[in-house]
Amino acid sequence: MSHLAFHLSRIRRNLMTAPRVRFAPSPTGYLHVGGARTALFNWLFARHAGGTHVLRIEDTDRDRSTEAHTRVILDGLTWLGIGWDEGPFFQGEYAARHRADAERLLAGGKAYRCFCTREELEAQRARAEAAGGGFRYDRRCYRLTPAEIDARLAAGLAFTIRFLLPDEEIAWDDAVHGRISFQGGDLDDFVILRSDGSAIYNLAVVSDDIAMRITHVIRGDDHISNTPKQIALYRALGHAPPVFAHVPMILGTDGKKLSKRHGATAVGDYRHEGILPAAMRNFLALLGWSPGDDREILSDAELIERFSLEGIQKKAAVFDTAKLEWMNGQYISAMPASELTEGVRRELGRMGVNPDGRDLAPAIEAVKSRSRTILQLAERVAVRLDPSRSALDPKGQALIGKMGPSFSANLRHAADALDALPSGDWRPEPILARLQHVAESDGLKLGDVMQPVRVALTGGTVSEPVNELLAVVGRDTALRRLREVAARFDSRSAG
RNA sequence: GGCGCUAUCGUCUAGGGGACUAGGACGGGGCCCUCUCAAGGCCCAAACACGGGUUCGAAUCCCGUUAGCGCUACCA
């Protein structure tokens, strides 16, 4: 097939069948991991099907929406590597269409003016609750005669527009839950247009989804109870509803809806904790979705290839930070040092460490398989650049206490032996040979020489093999540090 | 209260009437490797919420119970 023919067929296919999905966050807070996962599912679905991913900011709640939040959401998506093909559109810009739709419904007898004030409504609600039941609007304004309506209009009374909810079954075949059914009679005649003429969420969403020709609505299952209202709106407006796919919530470790008190919940938090976008995508994709087999580490291409609505779980999922960090560690270990340098450099800058143009790759290479976040990685690199940055941890402390005077004695022997090594031989293998020689001639176990060096250089008892550590730190810096530490603990035991 | 959704190891999940002695992964424990740790390899503990059906046979289908969650605004 020629290129031209290929493109033509592709365009044709897109016109006819390609799905259009949207991610529609409201800018009333940060980009939450739940929202991020919804965005990811939409994106994966669109990519898998060769469809279009639309980004729409739902800013109709003017009191709570801010530009700063919009910025954060956009940045979060960009950092995460979740793209969109159209938008961002701002719902606030379609107020005229929303209003026209409401008025069309009103003219068609599918909605009615409600002159009840907030106070009256609140009183009714309070009464209903006191009686032990739930509040449902009693349609008193629906029963107003044309003359009564005219009189109120003439008096300049404010009104909202309420949707007249038909008492019929409203059901749909949810792509993740299967058939879900509601009775219209159980639902309220909800407000679709505020008294100031602005649209309420359910109307705005339906109006926009129709206008944007959305074919699949993939969103959190906290919207299940909104869906029958929206389907009723589609019917009243004369449009076929899209396919709905309600994805499960993400919970905190206590099984409650994820919130601030669970710690990090915004994607920005994970960014700052040194989580890689690719790891985050992979982890989020597996939260509530499964490719159907045992694979855990999946590239974007594999995710896109395998993604389907059928693989989405019905049950809410608990966000497990430990597994995220494990996965991030897998990504870090598998990445070449060259791809990690930029992130490490940025962290070093934040920590106030100046690498002075030094090649960070060897240090990164030495510690990356032991690091689960970029933050950890950068801290370890910083210590290797300048061992005086190291802090003595409890295990390092314990080792010093246990070894007593031999701690500094062994350190000094190691330093002296290493000093004999020509700088051209300051490589892991010769270093190891020297240290083995020291241990042998002093009648010590290799660990008795290695561990003090490790503690002197890193402050702890855990690191890459000591010979590699020495090689990475560099001859001059390492020798100086070893002697400094030996001297410090000599004077301490002498005093 | 009403309406709706959900229920497999601590957590993420596989499972679609017989292949289930319920598999994998994280986390936990142990062993190997080893100068320590990580990685890797091997091993262990750990689950079908409960009760009724349907069926020759139920983790799987149906009903109920219980529990959790969501919605019930002139919020989204």
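Throughout, a chain's letter reflects where its sequence line sits, starting with A, and its residues are numbered from 1.
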Visitor: Within this structure, what is the CG-to-P distance between Asn467(A) and rC35(B), rounded to whole angstrom?
Guide: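 The answer, rounded to whole Å, is 10 Å.
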Visitor: Which whole number of Å gives the distance between the P atom of rU8(B) and that of rG68(B)?
Guide: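 It comes out at 15 Å once rounded to the nearest Å.
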Visitor: Are side-chain N/O atoms of Thr38(A) and Arg219(A) paired as donor and acceptor at under 3.5 Å?
Guide: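 No, Arg219(A) and Thr38(A) have no side-chain donor paired with an acceptor closer than 3.5 Å.
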Visitor: If only side-chain N and O atoms count, and only distance matters, is there a donor-acceptor pair under 3.5 Å linking Gln313(A) with Ser290(A)?
Guide: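 Side chains of Ser290(A) and Gln313(A): no pair found under 3.5 Å.
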Visitor: Is the NZ or CZ atom of Arg162(A) positioned over Tyr112(A)'s six-membered ring, under 6.0 angstrom from the centre and within 45° of the axis?
Guide: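 So Arg162(A) doesn't make the cation-pi contact.
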Visitor: Just how far is it from atom CG of Leu121(A) to atom CZ of Arg125(A), taken to the nearest 0.5 Å?
Guide: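 Answer rounded to 0.5 Å: 5.5 Å.
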Visitor: Arg37(A) has an atom CZ; how far is it from atom P of rC12(B), in whole Å?
Guide: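 Going from CZ in Arg37(A) over to P in rC12(B) covers 12 Å.
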Visitor: Given the P atoms of rC3(B) and rU65(B), what is the spacing between them in whole Å?
Guide: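 Here rC3(B) and rU65(B) have their P atoms 12 Å from each other.
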Visitor: What's the gap between rA47(B) and rU21(B) when it is taken at their P atoms, as a whole Å value?
Guide: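 Per the computed distance, 16 Å lies between those P atoms.
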Visitor: Between Arg194(A) and Ser198(A), is there a side-chain donor-acceptor contact under 3.5 Å, judged purely by atom types and distance?
Guide: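 The criterion, which ignores hydrogens and geometry beyond distance, is satisfied for Arg194(A) and Ser198(A).
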Visitor: From NZ of Lys315(A) over to P of rA49(B), roughly how many Å is that when rounded to an integer?
Guide: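 After rounding, the reported distance stands at 10 Å.
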Visitor: Paired with rA67(B) by Watson-Crick or G-U wobble geometry, both distances under 3.5 Å: which nucleotide is it?
Guide: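 The answer is rU6(B), by the H-bond criterion.
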Visitor: Without decimals, in angstroms, what is the distance between Glu468(A) CD and rU34(B) P?
Guide: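 Glu468(A) atom CD is separated from rU34(B) atom P by 15 Å.
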Visitor: Quick one: Arg179(A) CZ to rC5(B) C1', roughly how many Å, whole number?
Guide: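 Answer to the nearest Å: 15 Å.
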Visitor: Roughly how many Å apart are rG70(B) and rU36(B), using the P atom of each and rounding to a whole number?
Guide: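 So the two P atoms sit 50 Å from each other.
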Visitor: Tell me, for nucleotides 67-76 of chain B in 5' to 3' order, what letter each nucleotide earns: B for a base near a protein heavy atom under 4.0 Å, S for only sugar-phosphate near one, - for neither?
Guide: --SBS-SBBB
Visitor: With sugar-phosphate meaning primed atoms plus P, OP1 and OP2, does Val318(A) contact a base, only sugar-phosphate, or nothing at under 4.0 Å between heavy atoms?
Guide: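 Sugar-phosphate, no base atom in range.
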Visitor: Considering every strand and a 4.0 Å limit on heavy-atom distances, what is the contact class for Thr253(A): base, sugar-phosphate, or nothing?
Guide: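 Nothing, no heavy atom under 4.0 Å.
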Visitor: Mind checking the P distance from rG15(B) to rG53(B)? Whole angstroms is fine.
Guide: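 Rounded to whole Å, the distance is 29 Å.
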Visitor: For atom C1', what is the distance between rC61(B) and rC48(B), given to the nearest Å?
Guide: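 Per the computed distance, 15 Å lies between those C1' atoms.
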Visitor: Counting side-chain heavy atoms from C-beta on, which of rU13(B), rC35(B), rC37(B) comes nearest to Arg370(A)?
Guide: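 The closest nucleotide is rC37(B).
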Visitor: For rG28(B), give its Watson-Crick or G-U wobble partner with both distances under 3.5 Å, or none.
Guide: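 Its partner is rC44(B) (Watson-Crick or G-U wobble, both distances under 3.5 Å).
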Visitor: Please name the nucleotide paired to rG17(B) by Watson-Crick or G-U wobble geometry with both distances under 3.5 Å, or report none.
Guide: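 Base-paired to nothing in any strand shown.
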Visitor: Nearest heavy atom decides the nucleotide; on that basis, is Asp186(A) or Pro465(A) closer to the 5' end of RNA chain B?
Guide: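 In this pair, the answer is Asp186(A).
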Visitor: Which residues, if any, of residues 447-464 of chain A bring a heavy atom under 4.0 Å of RNA chain B?
Guide: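 By residue number: Gly447(A), Met450(A), Gln451(A), Arg454(A), Thr461(A), Val462(A), Ser463(A), Glu464(A).
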Visitor: How many Å lie between CD on Glu365(A) and C1' on rA39(B), as a whole number?
Guide: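 The distance from CD of Glu365(A) to C1' of rA39(B) comes to 13 Å, rounded to the nearest Å.
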Visitor: Testing the basics here: between Leu309(A) and Ala245(A), what is the closest heavy-atom pair and its distance to 0.1 Å?
Guide: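 Looking at all heavy atoms of both residues, the shortest contact is CG-CB, 4.0 Å.
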Visitor: Restricting to non-hydrogen atoms, name the atom on Ser463(A) and the atom on Leu469(A) that form the minimum distance, rounded to 0.1 Å.
Guide: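 Closest heavy-atom pair between Ser463(A) and Leu469(A): OG-CD2, 3.9 Å.
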Visitor: Side chain to side chain contact (heavy atoms under 4.5 Å, CB included) with Ala382(A): which residues, sequence neighbours excluded?
Guide: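 For Ala382(A) the side chain to side chain contact (heavy atoms under 4.5 Å, CB included) partners, ignoring immediate neighbours, are Leu348(A), Met351(A), Val353(A), Arg389(A).
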Visitor: Show every ring-ring contact (aromatic ring centres under 6.0 Å, His included) that has at least one partner inside residues 187-210 of chain A, sequence neighbours left out.
Guide: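 Matches after skipping sequence neighbours: Phe163(A)-Phe190(A), Tyr201(A)-His223(A).
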Visitor: Which sits closer to the 5' end of RNA chain B, Gln313(A) or Ile180(A), going by the nucleotide each is nearest to?
Guide: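 Result: Ile180(A).
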Visitor: In whole angstrom, give the distance that lies between atom CD1 of Ile312(A) and atom P of rC12(B).
Guide: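 My rounded result for the distance is 16 Å.
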Visitor: Under the side chain to side chain contact (heavy atoms under 4.5 Å, CB included) rule, collect the residues that match up with Glu339(A), sequence neighbours excluded.
Guide: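 Residues passing side chain to side chain contact (heavy atoms under 4.5 Å, CB included) with Glu339(A): Met335(A), Pro336(A).
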Visitor: Pick the P atom in rC62(B) and in rU54(B), then give their distance to the nearest Å.
Guide: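 Here rC62(B) and rU54(B) have their P atoms 15 Å from each other.
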Visitor: Heavy atoms under 4.0 Å is the rule here; annotate nucleotides 22-31 of chain B 5' to 3' with B where the base is hit, S where only the sugar-phosphate is, and - elsewhere.
Guide: -BBBSS----
Visitor: Enter the distance from Leu233(A):CG to Asp209(A):CG here, rounded to the nearest 0.5 Å.
Guide: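 Answer rounded to 0.5 Å: 11.0 Å.
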Visitor: Remember a base hit wins even if backbone is also touched, and classify Gly288(A) as base, sugar-phosphate or nothing at under 4.0 Å, heavy atoms.
Guide: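 Result for Gly288(A) = sugar-phosphate.
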Visitor: Using Watson-Crick or G-U wobble geometry with both distances below 3.5 Å, tell me the partner of rC35(B), or none.
Guide: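 Per the H-bond distance test, none.
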Visitor: rA49(B) and rA59(B): how far apart are their C1' atoms, nearest whole angstrom?
Guide: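 Rounded to whole Å, the distance is 12 Å.
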Visitor: Is the distance from OP1 or OP2 of rC37(B) to the nearest side-chain N or O of Lys395(A) less than 4.0 Å?
Guide: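 The answer is no; no side-chain N or O of Lys395(A) sits under 4.0 Å from OP1 or OP2.
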Visitor: Taking the side chain as every heavy atom from C-beta outward, state whether Asn328(A) and Tyr270(A) have any pair of such atoms under 4.5 Å apart.
Guide: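 No - every pair of side-chain heavy atoms lies 4.5 Å or more apart.
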Visitor: Is the CD atom of Glu302(A) crowded by more than 12 outside heavy atoms at less than 6.0 Å?
Guide: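 Yes.
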